[in-house]
Amino acid sequence: MNRRSLLSLGMAAGITSAFGRARADDSPIESISLLSGQTSELANYARPGEYGAPDAAVNVMVDIGGQHRRLFLYVPQKRTGNLVPVVFSHAELSSPKAYDGLLKHWASHGMLVIAPLHDDSIVQTGNQLGDDIHKVVDSVLLNEKVWKSRLNDCERSLDCLPAILQQSSMKTTGRAPIMAGHGLGAFTAQLLSGVRPGGKAWTSDTPLGTDAFSAFLEMSPFGSGQAGLTPESYAGVGLPVLVATGDADKDRFGETGKEKVTAFTNLPAGYKHLLHFRTMNDGVFYGRNLNDLPTLYMRSVTTIFLRAYGLQDMSTLRLLSGTTLSDEAQGEITLAYR
């Protein structure tokens with residue numbers, strides 16, 4: 001059977017009813033007091049976009065390779081125009097719902113976000129995170145089955161896109177989706193971009209190839225020294241990448257922000273971007289705290305990246321490669337381009 005025929009009838013019916021509920025009420029416009037009166041580019045893209053954020057994610061079950069998988073779909077209120085498809089991979093042990101603030105924001109700016117729930121999520125496993133959290137996390141990192149499952153989830157999510165568009169009467173740009181992720185989700189994006197730990201490609205069971213995605217957004221990715229990565233591991237990445245990290249970005253595996261920056265510096269030149277925070281906490285990657293400037297900067301710059309490469313928007317590309325955003329943030333963030 002063709003992979004794109006694996007979508008269950010239940011999913012199609014579920015999408016129809018769920019989209020009907022999602023359209024029922026317009027989302028309220030967020031009031032962001034920190035941006036009151038500001039007209040900067042950072043402020044403009046940190047505010048909700050013209051498409052309107054969904055009230056909630058559409059939660060559907062799909063059949064991927066004979067396995068039931070749950071997808072969270074973040075769909076704009078406004079369905080006209082060409083949307084940018086984005087596949088999002090959550091961090092270790094987490095779930096897409098933890099990123100509601102960020103993913104709803106992307107949707108309000110014209111992104112159709114497809115976020116699979118991975119097998120290592122505590123929502124799936126029921127693991128209790130106590131004193132042995134490092135043991136649990138390390139077991140995930142070293143488990144090849146987990147990685148095969150994550151890669152399969154992200155690539156096979158694309159098989160669901162035609163049915164999603166058909167049931168919701170939406171259209172996309174026609175370009176390949178953008179792959180985004182945080183933590184182990186960022187490492188998933190790195191693997192799909194062509195990063196090779198130990199010189200070996202990690203692939204899904206039936207890899208789609210290098211043209212499956214058009215760009216990669218990596219929040220707190222792995223630098224050299226983690227998971228078998230060396231400076232040479234990044235040499236084959238030819239598509240656009242945004243790496244988001246900061247000196248205070250320390251993950252559950254013990255890797256620091258200074259080490260994570262090598263996920264950018266080791267990349268070959270050509271449409272590679274770095275968003276670096278002077279101060280930050282782990283919450284910036286979830287997009288929830290609207291009283292926190294770094295969180296607003298994360299919402300803004302990631303949205304600009306998605307528009308730049310999802311819509312081939314030259315005005316936002318110039319923002320990414322210039323000094324305007326860094327100047328507006330008065331040193332709180334630095335953007336680098338190579």
Side-chain angles (χ1 to χ4, degrees), residues 14-15 18-35 42-60 70-91 94-118 121 123 157 160-161 164-165 168 170 172 177-183 185-186 189 217 219 242 244 275 282-307 310-311 316:
I15 287 177
F19 279 150
R21 292 193 301 274
R23 280 197 298 261
D25 299 299
D26 289 336
S27 294
I29 297 297
E30 293 170 301
S31 176
I32 306 177
S33 58
L34 284 178
L35 301 180
L42 276 174
N44 290 339
Y45 287 102
R47 294 187 179 97
E50 63 177 327
Y51 283 82
D55 293 326
V58 177
N59 185 346
V60 296
R70 184 179 298 175
L71 298 182
F72 291 81
L73 310 179
Y74 292 83
V75 184
Q77 292 280 347
K78 179 181 174 183
R79 308 292 167 79
T80 58
N82 292 325
L83 305 179
V84 176
V86 178
V87 175
F88 179 81
S89 178
H90 61 74
S94 189
S95 80
K97 289 290 291 178
Y99 302 86
D100 264 3
L102 183 62
L103 303 186
K104 287 181 179 181
H105 182 72
W106 291 350
S108 79
H109 283 269
M111 314 302 154
L112 169 60
V113 184
I114 305 172
L117 180 68
H118 298 305
S121 169
V123 175
S157 292
C160 306
L161 187 56
I164 293 170
L165 297 176
S168 60
M170 292 184 294
T172 68
I178 295 175
M179 179 68 213
H182 170 224
L217 198 172
M219 302 185 296
L242 171 65
L275 166 61
D282 191 52
V284 304
F285 299 114
Y286 300 95
R288 292 191 295 259
N289 185 0
L290 301 185
N291 294 311
D292 177 61
L293 273 177
T295 297
L296 296 177
Y297 294 154
M298 175 65 73
R299 284 163 55 123
S300 181
V301 177
T302 55
T303 299
I304 290 170
F305 176 82
L306 294 173
R307 288 185 60 86
L311 297 173
T316 48

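- Taking all atoms of both residues into account, the shortest heavy-atom contact from Asn59 to Arg70 is OD1-CG, 3.0 Å.
- The side-chain hydrogen bond (donor to acceptor under 3.5 Å, both in side chains) check on Tyr45 picks up nothing, with sequence neighbours excluded.
- Residues Arg307 and Met111 form a side-chain contact, since some pair of their non-hydrogen atoms from C-beta on lies under 4.5 Å apart.
- The nearest pair of heavy atoms linking Phe88 to Gly181 is CE1-CA, 4.0 Å.
- Evaluation of the side-chain hydrogen bond (donor to acceptor under 3.5 Å, both in side chains) rule for Ser300 yields no partner, not counting sequence neighbours.
- Residues passing the side-chain contact (heavy atoms from CB on, under 4.5 Å) test with Tyr51, sequence neighbours excluded: Pro76, Lys78, Leu83.
- Within the 4.5 Å cutoff, the side chain of Val301 has heavy atoms near those of the Leu42 side chain.
- Side chains of Arg288 and Asp292 form no contact here, defined as non-hydrogen atoms less than 4.5 Å apart.
- Residues that satisfy the ring pair (Phe, Tyr, Trp, His ring centres under 6.0 Å) test with Phe285, not counting sequence neighbours, are His182.
- Side chains of Met219 and Leu275 form no contact here, defined as non-hydrogen atoms less than 4.5 Å apart.
- A heavy-atom distance below 4.5 Å is found between the side chains of Asp100 and Tyr74.
- Partners of Thr302 by side-chain hydrogen bond (donor to acceptor under 3.5 Å, both in side chains), not counting sequence neighbours, listed by chain and number: Trp106.
- Under the 3.5 Å distance criterion, the side-chain polar atoms of Tyr297 are left unmatched by any main-chain donor or acceptor of Val284.
- For His118 (side chain) and Ala91 (main-chain N/O), no donor-acceptor pair under 3.5 Å exists by modelled atom type.
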Chi angles and distances behind the side chain to side chain contact (heavy atoms under 4.5 Å, CB included) call for Cys160, Leu71: CA-CA 10 Å; Cys160 306; Leu71 298 182; 3.9 Å; yes

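- For Thr172, the side-chain contact (heavy atoms from CB on, under 4.5 Å) test picks out Pro85, Leu165, with sequence neighbours left out.
- By the 4.5 Å heavy-atom criterion applied to side chains, Lys104 and Val113 are not counted as neighbours.
- Contact annotation: the side chain of Val75 never approaches that of Ile164 to less than 4.5 Å [non-hydrogen atoms, C-beta and beyond].
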Trace of the side chain to side chain contact (heavy atoms under 4.5 Å, CB included) decision for Leu290 with Arg299: CA-CA 10 Å; Leu290 301 185; Arg299 284 163 55 123; 3.2 Å; yes

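- The backbone N or O of Met170 sits nowhere less than 3.5 Å from a side-chain atom of Arg79 that would complete a donor-acceptor pair.
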Worked verdict on Ser89 versus Met179 for side chain to side chain contact (heavy atoms under 4.5 Å, CB included): CA-CA 8 Å; Ser89 178; Met179 179 68 213; 3.6 Å; yes

Worked check of side chain to side chain contact (heavy atoms under 4.5 Å, CB included) between Tyr99 and Ser94: CA-CA 9 Å; Tyr99 302 86; Ser94 189; 3.8 Å; yes

